[in-house]
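Worth knowing before you read on, the calculation uses all heavy atoms, side chains too, and leaves out hydrogens, waters and symmetry mates. Every number for a ligand or one of its atoms is a count from 1 in the order of the listing. We number each residue from 1, following the sequence as shown.
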Amino acid sequence: MNTFLHSLPKIELHLHIEGTMQPELIFSLAERNGVTLPYTSIDELKAAYDFKNLQSFLDLYYQNMQVLLSEQDFYDLTWDYFSRVAAEQLIHAEIFFDPQAHLARGVEIGTQLAGISRACQEAQQRYGITSAIILSFLRDMSEESALETLQAALPYREQFIGIGLDSAEMGNPPAKFRRVFEQARALGLRLVAHAGEEGPHDYISEALDELKVERIDHGVQCITSLPLTERLAREQIPLTVCPLSNIYLKVFGTLQESTIPQMLESGLKVTLNSDDPAYFGGYMNDNFEAVQQAFGWNKEIWAQLTRNAIDASFASDIRKREMSAQLDRYLARCS
Ligand code: ADE
Ligand code: ZN
């Protein structure tokens with residue numbers, strides 16, 4: 001089954017590009033940019049990858065991204081991601097980045113986007129991987145900061161497809177960002193938000209009702225509300241679930257204790273993704289393998305999850321049809 005999973009065409013809809021920065025790259029960028037890290041070796045840095053919860057991860061994640069300063073740094077980071085996932089049969093990726101975290105160090109949004117999008121274009125040329133970039137606001141910052149960031153990003157409007165909401169969830173409800181999502185919607189941007197990762201199921205309903213998001217990132221707490229679960233099933237709202245992330249951030253003790261099987265049984269439109277693969281035990285294949293080991297699913301379930309991801313993506317209709325045809329050809333070969 002792992003052979004089937006490794007060669008299965010994959011679509012990733014929940015991926016923070018800063019969360020793909022491997023310890024080796026952190027050290028080499030620190031050296032290139034003369035940034036002093038609070039770790040003397042890669043092993044010492046890796047030893048810090050032991051998280052109690054989302055916040056303890058975020059503290060390290062924001063610290064490490066301080067090595068990203070130039071367009072080339074953002075390119076190298078993004079290219080490293082594509083070169084790894086090309087070997088895992090990734091065919092389409094929708095990539096978050098956190099502009100406010102880099103603006104705080106004086107790195108312009110244009111610089112950030114130029115590096116990321118150059119790697120995206122090269123990934124399409126070299127590997128045939130299509131992609132889109134989603135600008136994600138930090139929910140522990142103010143809405144004013146998010147509004148300013150959206151304004152600063154507008155000259156680069158053609159380089160990103162939508163906006164998202166990430167960072168510390170507890171105490172930062174979606175409704176705090178109503179105006180910025182309203183403005184983005186008026187601009188024709190696609191809308192997503194992290195909700196119900198650690199936070200309560202109410203944040204999922206709020207993201208749908210107040211922010212009008214089209215997908216929920218994580219959403220694994222939905223199962224604590226039957227009316228919400230029924231709504232998500234009825235409206236077929238896509239949920240970008242990240243299995244290994246949930247274990248590394250102690251959302252669940254083990255995959256067996258996760259809500260993923262109940263979500264599937266409830267008819268929810270689940271997709272599987274890696275979130276921050278350099279921090280959470282691996283990329284798409286590692287997530288798929290861990291899930292397969294926990295649940296022993298059949299090929300039909302994996303095919304359905306892949307169809308869900310194609311359907312939930314922000315790719316063009318033509319590209320969606322191409323990806324569906326590629327999946328069908330693969331399944332026919334494997335049957
Ligand atoms: N930023 C990067 N990874 C995140 C996650 N899993 N939840 C919230 N914000 C994030
Ligand atoms: Zn995430």
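- In this structure, Lys176 does not pair ionically with Glu143, as no charged nitrogen and carboxylate oxygen lie closer than 4.0 Å.
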Please set out all donor-acceptor pairs under 3.5 angstrom arising from side-chain atoms of residues 93-101, sequence neighbours excluded.
unit_1: Glu94; atom_1: OE1; unit_2: Arg215; atom_2: NH1; d: 2.9
unit_1: Glu94; atom_1: OE1; unit_2: Arg215; atom_2: NH2; d: 3.0
unit_1: Glu94; atom_1: OE1; unit_2: Phe314; atom_2: N; d: 3.4
unit_1: Glu94; atom_1: OE2; unit_2: His92; atom_2: NE2; d: 2.7
unit_1: Glu94; atom_1: OE2; unit_2: Phe314; atom_2: N; d: 2.7
unit_1: Asp98; atom_1: OD2; unit_2: Tyr61; atom_2: OH; d: 3.0
unit_1: Gln100; atom_1: OE1; unit_2: Leu138; atom_2: N; d: 2.8
unit_1: Gln100; atom_1: NE2; unit_2: Ser145; atom_2: OG; d: 2.8

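- Note on Ile91: it does not cluster hydrophobically with Ile134, by side-chain heavy-atom contacts below 4.5 Å among ILVMFWY residues.
- Ring orientation note: the planes of Trp79 and Tyr127 are close to parallel, at an angle under 30° on the 30°/60° scale.
- Judged by distance alone, the side chains of Tyr279 and Ser245 never bring a donor and an acceptor atom under 3.5 Å apart.
- Summarising the local packing, CD of Gln293 is surrounded by 12 or fewer heavy atoms from other residues, nucleotides or ligands at distances under 6.0 Å.
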What does the N/O contact table under 3.5 Å look like for ligand 1?
unit_1: ligand 1; atom_1: 3 (N); unit_2: His16; atom_2: NE2; d: 3.4
unit_1: ligand 1; atom_1: 3 (N); unit_2: Asp276; atom_2: OD2; d: 2.6
unit_1: ligand 1; atom_1: 6 (N); unit_2: Glu197; atom_2: OE2; d: 2.9
unit_1: ligand 1; atom_1: 6 (N); unit_2: Asp275; atom_2: OD2; d: 2.7
unit_1: ligand 1; atom_1: 7 (N); unit_2: Glu197; atom_2: OE1; d: 2.8
unit_1: ligand 1; atom_1: 7 (N); unit_2: Glu197; atom_2: OE2; d: 3.4
unit_1: ligand 1; atom_1: 9 (N); unit_2: Ser167; atom_2: N; d: 2.8

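- Within a 6.0 Å radius of CG in Leu154, other residues, nucleotides and ligands contribute more than 12 heavy atoms.
- Below the 2.8 Å limit, the Zn ion (ligand 2) has as protein N, O or S neighbours His14 NE2, His16 NE2, His194 NE2, Asp275 OD1.
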Less than 3.5 Å apart, which donor and acceptor atoms pair up between the side chains of residues 185-199 and the rest of the protein, not counting sequence neighbours?
unit_1: Arg190; atom_1: NE; unit_2: Glu214; atom_2: OE1; d: 3.0
unit_1: Arg190; atom_1: NE; unit_2: Glu214; atom_2: OE2; d: 3.2
unit_1: Arg190; atom_1: NH2; unit_2: Glu214; atom_2: OE1; d: 2.6
unit_1: His194; atom_1: ND1; unit_2: Leu165; atom_2: O; d: 3.0
unit_1: His194; atom_1: NE2; unit_2: His14; atom_2: NE2; d: 3.0
unit_1: His194; atom_1: NE2; unit_2: His16; atom_2: NE2; d: 3.1
unit_1: Glu197; atom_1: OE2; unit_2: His218; atom_2: NE2; d: 3.2
unit_1: Glu198; atom_1: OE2; unit_2: Leu54; atom_2: N; d: 2.9

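- When the shell of 6.0 Å around CD of Glu24 is examined, it contains more than 12 heavy atoms from other residues, nucleotides or ligands.
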